[in-house]
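Each remark here refers to the structure printed beneath this line.
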Amino acid sequence: MSTDNLISFLEETRKALFENDFEALSKYIIMPLVVYSPAGVLVVKDLEHFLAVSSSYREALAVHAITHGKCTILERDPMRNRRTRVTAHWTELDAEDTPLVTSTIRYFLLMPKPDRWMIEMLEYLEIPIPIEAVERIIH
């Protein structure tokens, strides 16, 4: 899959998050989902847990006026066993497209079918909200 298609996939997942379409977002996730962040490790066990965590994260982004983001791929590993690791840098934007902060996320992706990505694990290298907000979400 091309870099443009990969960016489209990542932006589609983020769009679902920002539109509170957690059902659509959950279709891109493999459970259990392991999420690493500077605040600790979270294991999202099932859909109910995923919906609660995603909703809390979306609310925290809204508190900081983050409404969407622009993605750039920093690094991408070659595909092995239908898997790849992608590091994406996000410029987090407000409703007027003003850059507010940045974040960097490492995605561990599986391609179970041709042209279909699924997220197996996330590693937040740089978070777009204060660490205290992340701690409240994961603990």
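All values reported here derive from a predicted model rather than from experimental measurement.
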Original post:
Passes side-chain contact (heavy atoms from CB on, under 4.5 Å), M31 versus V44? Steps please.
Top reply: CA-CA 7 Å; M31 300 292 173; V44 181; 4.1 Å; yes
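Residue pairs meeting the ring pair (Phe, Tyr, Trp, His ring centres under 6.0 Å) criterion with at least one member in residues 13-39, sequence neighbours excluded, are F9-Y28. Under the salt bridge (Lys or Arg N to Asp or Glu O under 4.0 Å) criterion, no residue pair touches residues 44-70, with sequence neighbours excluded. Listed by first then second residue, pairs satisfying salt bridge (Lys or Arg N to Asp or Glu O under 4.0 Å) with a partner in residues 4-14 read R14-E92, not counting sequence neighbours. Residue pairs meeting the salt bridge (Lys or Arg N to Asp or Glu O under 4.0 Å) criterion with at least one partner in residues 96-107, sequence neighbours excluded, are R106-E123.
Put simply, V34 and L25 are part of two different groups of oily side chains (I, L, V, M, F, W, Y) that touch within less than 4.5 Å, one to the next. Cluster annotation: Y107 and M121 are assigned to distinct hydrophobic clusters (Ile/Leu/Val/Met/Phe/Trp/Tyr, side-chain heavy-atom contacts under 4.5 Å, transitive). Hydrophobic clustering (ILVMFWY, side-chain heavy atoms < 4.5 Å, transitive): L122 and F108 are in distinct clusters. With hydrophobic clusters built from ILVMFWY side chains whose heavy atoms lie under 4.5 angstrom apart, L17 shares a cluster with L47.
The CG atom of L42 sits 11.0 Å away from atom CZ of F50, with the distance rounded to the nearest 0.5 Å. Between atom CH2 of residue W117 and atom CG of residue L109 there is a gap of 5.5 Å, rounded to the nearest 0.5 Å. N20 CG to L51 CG: the interatomic distance, rounded to the nearest 0.5 Å, is 11.0 Å. For the atom pair CD1 of I29 and OG of S54, the computed distance is 7.0 Å after rounding to the nearest 0.5 Å. Here the CG-OG distance, from L125 to S103, works out to 9.5 Å after rounding to the nearest 0.5 Å.
Here the closest heavy-atom approach between residue P128 and residue L61 is recorded as CG-CD2, 3.8 Å.
Using a 4.5 Å heavy-atom threshold, the side chains of V41 and V35 count as separate. Considering only heavy atoms from C-beta on, R83 stays 4.5 Å or farther from M111 through its side chain.
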Please tabulate, for the side chains in residues 132-139, all donor-acceptor contacts under 3.5 angstrom to protein atoms that are two or more places apart in sequence or on a different chain.
| residue | atom | partner | partner atom | Å |
| --- | --- | --- | --- | --- |
| H139 | NE2 | A39 | O | 3.1 |

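For Y57, the side-chain hydrogen bond (donor to acceptor under 3.5 Å, both in side chains) criterion is met by no residue, not counting sequence neighbours. Taking I73 as the reference, T3, L6, I7, L10, C71, R76, V86, A88 meet the side-chain contact (heavy atoms from CB on, under 4.5 Å) condition, with sequence neighbours excluded. Residues meeting the side-chain hydrogen bond (donor to acceptor under 3.5 Å, both in side chains) test with T91, sequence neighbours left out: none. Residues passing the side-chain contact (heavy atoms from CB on, under 4.5 Å) test with H64 are I66, I129, P130, sequence neighbours excluded. Residues satisfying the side-chain contact (heavy atoms from CB on, under 4.5 Å) criterion with P32, sequence neighbours excluded, are V43. Qualifying salt bridge (Lys or Arg N to Asp or Glu O under 4.0 Å) partners for D77, counting only residues two or more places apart in sequence or in other chains: R85.
Looking at T104 and H89, their side chains do bring a donor and an acceptor atom within 3.5 Å of each other.
Panel note: side chain S26, backbone E23; a donor-acceptor pair is recorded below 3.5 Å.
Grouping Ile, Leu, Val, Met, Phe, Trp and Tyr by side-chain contacts under 4.5 Å, direct or through others, puts M118 with I30, L110.
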